[in-house]
Amino acid sequence: MEQPRPGAPAAQLPEGAVSLLDREGSLQRDERFARYLPYLDTLIEDRMRQMYRWMVTERRLDREATSLQRQGQLALWVPAIGQEGAQAGALAALHQDDWIFPTYREHLMALARGVTPRQLLLLFRGAAHAGWDAEQHRVQPYTLVLAAQTLHATGYAWGIARDQAGWDQDRRAQDGQITLACYGDGASSEGDVHESMVFAASYDLPVVFFCQNNHWAISVPSSTQTRVPLARRAAGYGFEGVTVDGNDPLAVYAVTAWAAEQARTGAGPVLVEADTYRVGAHTTADDPTKYRTAEEEQAFAALDPLTRFETHLRATGVLDDAFAAEVHDEAEQLAAQTREAVLGMTPETIGTLDDVFAHTYAEPHPLIEEEQAWHHQWQAGFADLESAPEVAGGESTVPVDGPEGAPA
Ligand SMILES: Cc1ncc(C[n+]2csc(CCOP(=O)(O)OP(=O)(O)O)c2C)c(N)n1
Ligand SMILES: [Mg+2]
């Protein structure tokens, strides 16, 4: 048996973490969590079936996208398998007009809010213009610059608060929108998160910080990012932080619904840390076997959120074979449509790199012109290669470092 490496994550929740579904998918109404249980009682069966649909759909689309990347159709894919429970629970707890500020892994949230697979995958194809109408879906664009979106979510929440209460009035007792600031365990080490939390606390802003602690920041375990459960950091900013079982969609729902109500009614920000697990690689460019053991992966596999949730829904009569089959059929159809959409992405429809240069600034800019000229020169280095017949074992003529004088 491989030995766990120092600091390797254990499939065990920190003391006091809120968990309602046990490992067998049976609901335990633990009175220690009494303040969250009333929210659970508001979760109607239709909403639970919807959460299940979101989770199955995300997982199926995720697998399709991974295959498409492996087949050279996408530049990159960021798998979210294992995190469906955390995302479904948090999303179900929001109002339709609450704003989501995602990282790059909130596929379930984006899809469930109506972003199409094509819109989502254009980004991972590397299209010149990708994205969606943030206003329509109330989902901001994906943010690859770690933690930047926590600042955006906080700033937006400030705007919401001021719009609703005016500049001089107390926001308390307002009942308006909130923002959900998604970030990861690794991003929690970024200064942006600190600044966001200070600011949100200073002005009682309606923001829920939603940290998906999936135990890894690429190859760095979360134990390196923090000595304490990340939720405990909230105390230092003067607001509440709760660690919840991120593989338990019902617990995440109940805790996030409570947190959202705090934020919505003017009590200020809350930090929800969903303790979950990134089942796959960080991205398709990563190989997790280099830094974690098969034993660790198996231990977390036993906590699979979809299995636990489905077991619970079946046991309570919320879900039956017919509904499960219908959802899986829909997911298959969506996967097929996704594949078709991606195979239909051509340079004509997704644009070229020149489009990126053209749209970086509204007006011409000397630096952009310089970089574009360099790029054209670099690309011209491939001309021989394209026209020359293939030479077995021949040396590549591709200039690795680009032409001389390339901008630094
Ligand atoms: C500001 C910044 N620094 C570094 C990176 C490179 N990077 C991309 S993802 C990542 C790890 C993020 O881990 P975590 O926040 O736990 O999110 P996860 O990918 O696990 O969902 C790093 C370091 C980046 N994108 N942005
Ligand atoms: Mg992480």
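First listed ligand is number 1; within each ligand, the first listed atom is number 1. Just so it is clear, the values below take in all heavy atoms, side chains as well, and ignore hydrogens, waters and symmetry mates.
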Side-chain donor/acceptor of Thr349 to backbone N/O of Met345, under 3.5 Å: no
Total protein N, O or S atoms, the Mg ion (ligand 2), separation less than 2.8 Å: 3
Intermediate values then yes/no, salt bridge (charged side-chain N to carboxylate O under 4.0 Å, His left out), Arg35 and Glu240: CA-CA 13 Å; Arg35 77 174 174 183; Glu240 287 209 57; 2.7 Å; yes
Main-chain N/O of Asp185 paired with Asn213 side-chain donor or acceptor, under 3.5 Å: no
Pair Arg232 + Glu273: basic N to acidic O under 4.0 Å: no
Pair Arg49 + Asp46, salt bridge at N-O below 4.0 Å: yes
Contacts of Arg227 that satisfy salt bridge (charged side-chain N to carboxylate O under 4.0 Å, His left out) - sequence neighbours left out: none
Those residues that, when tested against Gln28, pass side-chain contact (heavy atoms from CB on, under 4.5 Å) (two or more places apart): Asp22, Ser26
Check: Tyr142 ring centroid to His107 ring centroid under 6.0 Å: yes
Short N or O contacts of ligand 1 with protein, under 3.5 Å, listed by atom name?
residue	atom	partner	partner atom	Å
ligand 1	15 (O)	Gly186	N	3.2
ligand 1	15 (O)	Ala187	N	2.7
ligand 1	16 (O)	Asp185	N	3.3
ligand 1	16 (O)	Asp185	OD1	3.0
ligand 1	16 (O)	Asp185	OD2	3.4
ligand 1	16 (O)	Gly186	N	2.8
ligand 1	16 (O)	Trp216	O	3.3
ligand 1	17 (O)	Tyr104	OH	3.2
ligand 1	19 (O)	Tyr104	OH	2.6
ligand 1	19 (O)	Arg105	NH2	2.8
ligand 1	19 (O)	His282	ND1	3.3
ligand 1	20 (O)	Asn214	OD1	3.1
ligand 1	20 (O)	Asn214	ND2	2.9
ligand 1	20 (O)	Trp216	O	2.8
ligand 1	21 (O)	Arg105	NE	2.9
ligand 1	21 (O)	Asn214	ND2	3.3
ligand 1	25 (N)	Leu144	O	2.7
ligand 1	26 (N)	Leu146	N	3.2

Shortest non-hydrogen separation from Arg113 to His137 and the atoms involved: O-ND1, 2.8 Å
